[in-house]
S.K.: 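The structure under discussion is supplied below as structure tokens; questions concerning it will follow.
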Amino acid sequence: MPAAQQTRLVDQSASPDSLQSAGNAAIEAVLAADQTTAALAYDQLAGGSNANLAKATLSSVTPVSASLLSAMHQLDDIHDAQGNAPRHAAGNADTGRVWLQALGHGGKLDRDMEPMQHSTKGLLLGADWRLDEAWRLGLMGGSSDTRMDSKELDGDLDSWHIGAYALRQIGPLSLRLGAAWSNHEGSTRREVAFGRFHDRLKGNYHASTRQVFIESGYNLGRASVSIEPFAGIGYERYQRDGYTEKGGDAALKVHAQSQGNFNTTVGLRMAKVSTLDNGMRLTPRFSAGWKHVYGETYTSTRQRLAKGGHDYTVYGAELDRNSLKLDTGLDLAISNNHAVGVGLTGEIGTDSRNHGVSGQWRMAF
């Protein structure tokens, strides 16, 4: 890597002049290397991809809050006696409903130096019930597994999710509230190899994420067509504990990392309900929204060599300040009590791309 690019990964405290061997075989190997090898060594020893753990984890939990919103969208206007169309074919939900959703989600953090790819598979289970004519309340739980891959770092993330949501429906006006908390157990693997030096490193850490959102929409549709402008505000926070890698002299002591941002989303959601000859209801749907993130968007973490050395900062891919969110799918109400659906999602930002697929089964009781 050219030396000019290294300044985007580490600050002055990790410069060549600040390195002292102190009996560290990795530093001794750097000091004995030629200029070309030393440039490669500084990049590997810096461990810059550690800063990307925040954004990759936040991207992996995006489908969780999206699932809570989707569950509420399927309930909109079911009981509207004025003829406004339901957003989705959700079946008869007079008393309560349970739903099961399988999801797959992936993306890429397009950082100039070290792009990181991530993929998530998970299963969510939810239930909601009517409180009165206007309010419904729901709970959700689930788990997911995430895989992270880059040239410098590979990682795995085992996650557990719990959440709650509430829908207030008055005619064509909807108010949706939701919150989700996720617990993550992560592991990382790195390899440092330059000249005659070679080291394999492993790290284990604990992290958590929190998501809170409020969304409001107004159905302008008539009969079997729904056209809903919507607007929402949300907050996401990532918190990771510090950890120390296991391995040789290239092992890093990585300090705690946190990231918290508010965001707003505005967009348009459309759906059309068609009744088939056999009585089933088919509902194609589509939505598009613009998301804006507030506050600091860069991701960074402090760390140092576990055996000697000074603290320095590494910077990862920035959170996207603006992004386009797309969602399309097809729901089929098999009967008044059972429905299935499939959906595709995408989010396109300045510095990353995310996409996902989901399948859902719902039963009313």
Side-chain angles (χ1 to χ4, degrees), residues 62-63 65-94 97 99 101 126 128 130-138 165-178 212-234 262-276 279-292 322-333 336 339-348 356 358 360 362 364:
T62 297
S65 58
S67 295
L68 300 185
L69 275 170
S70 176
M72 288 184 279
H73 295 155
Q74 293 151 4
L75 289 167
D76 290 352
D77 290 328
I78 291 177
H79 309 284
D80 187 357
Q82 303 302 317
N84 282 330
R87 263 59 164 184
H88 306 287
N92 188 342
D94 286 335
R97 185 186 62 154
W99 53 268
Q101 179 162 311
D128 50 60
R130 172 182 289 276
L131 298 179
D132 55 36
E133 287 301 314
W135 284 96
R136 292 186 69 92
L137 178 68
Y165 57 96
L167 167 67
R168 180 174 175 81
Q169 181 76 44
I170 302 178
L173 180 64
S174 299
L175 178 65
R176 311 174 187 103
L177 305 94
V212 181
F213 63 85
I214 300 174
E215 182 187 275
S216 181
Y218 192 89
N219 183 12
L220 302 175
R222 294 292 183 270
S224 61
V225 177
S226 170
I227 302 174
E228 183 197 58
F230 65 90
I233 183 171
F262 284 94
N263 62 79
T264 56
T265 305
V266 294
L268 182 69
R269 185 176 295 111
M270 297 179 292
K272 186 180 187 306
V273 181
S274 299
T275 302
L276 306 180
M280 297 182 182
R281 287 179 293 161
L282 187 67
T283 308
R285 51 184 170 81
F286 174 81
S287 70
W290 174 69
K291 179 181 177 181
H292 181 77
N322 297 288
S323 58
L324 174 65
K325 301 180 68 174
L326 302 172
D327 184 1
T328 186
L330 196 64
D331 293 312
L332 179 64
N336 285 336
V340 294
V342 62
L344 299 173
T345 60
E347 185 170 351
I348 304 170
S358 65
Q360 191 178 81
R362 303 181 293 277

S.K.: Looking at side-chain heavy atoms only, is the closest gap between W99 and D128 below 4.5 Å?
M.R.: yes
S.K.: Please find the pair of heavy atoms, one from E228 and one from N219, that lie closest to each other, and give the distance.
M.R.: CG-N, 4.3 Å
S.K.: Give, for atom NE2 of H73 and atom CG of L68, the distance between the pair rounded to the nearest 0.5 Å.
M.R.: 10.5 Å
S.K.: What's the shortest heavy-atom distance between S216 and R176, and which atoms?
M.R.: C-NH1, 4.4 Å
S.K.: From Y165 OH over to S70 OG, what is the distance, rounded to the nearest 0.5 angstrom?
M.R.: 10.0 Å
S.K.: Would you name the heavy atoms of E347 and S323 that are closest together and state the gap between them?
M.R.: OE2-OG, 3.0 Å
S.K.: Distance from S226 atom OG to L220 atom CG, nearest 0.5 Å?
M.R.: 8.5 Å
S.K.: Within this structure, what is the OG1-CG distance for the pair T345 and L326, rounded to the nearest 0.5 Å?
M.R.: 9.0 Å
S.K.: Below 4.5 Å, heavy atoms only, C-beta onward: do Q360 and Q74 meet side chain to side chain?
M.R.: yes
S.K.: Should F213 and T265 count as side-chain neighbours, where that means a heavy-atom distance under 4.5 Å?
M.R.: no
S.K.: Under the 3.5 angstrom rule, does the side chain of S67 hit a backbone N or O of P63 as a donor-acceptor pair?
M.R.: yes
S.K.: Rounded to the nearest 0.5 Å, what separation is found between the CD1 atom of I227 and the OH atom of Y218?
M.R.: 13.0 Å
S.K.: Any salt bridge between D331 and R281, counting N to O under 4.0 Å?
M.R.: no
S.K.: Provide the closest heavy-atom pair for P229 versus L268 in the form atom of the first, atom of the second, distance.
M.R.: N-CD1, 3.7 Å
S.K.: How close do L332 and M280 get, counting heavy atoms only, and between which atoms?
M.R.: CD1-CB, 4.0 Å
S.K.: If you look at every heavy atom in D327 and R285, which pair is closest and at what distance?
M.R.: OD1-NH1, 3.5 Å
S.K.: Tell me, do R136 and Q169 make a side-chain contact under 4.5 Å, heavy atoms counted?
M.R.: no
S.K.: If we only count heavy atoms from C-beta on, is the T264 to V266 side-chain gap below 4.5 Å?
M.R.: no
S.K.: Kindly compute the distance separating NZ (K291) from CD1 (I348), expressed to the nearest 0.5 Å.
M.R.: 14.0 Å
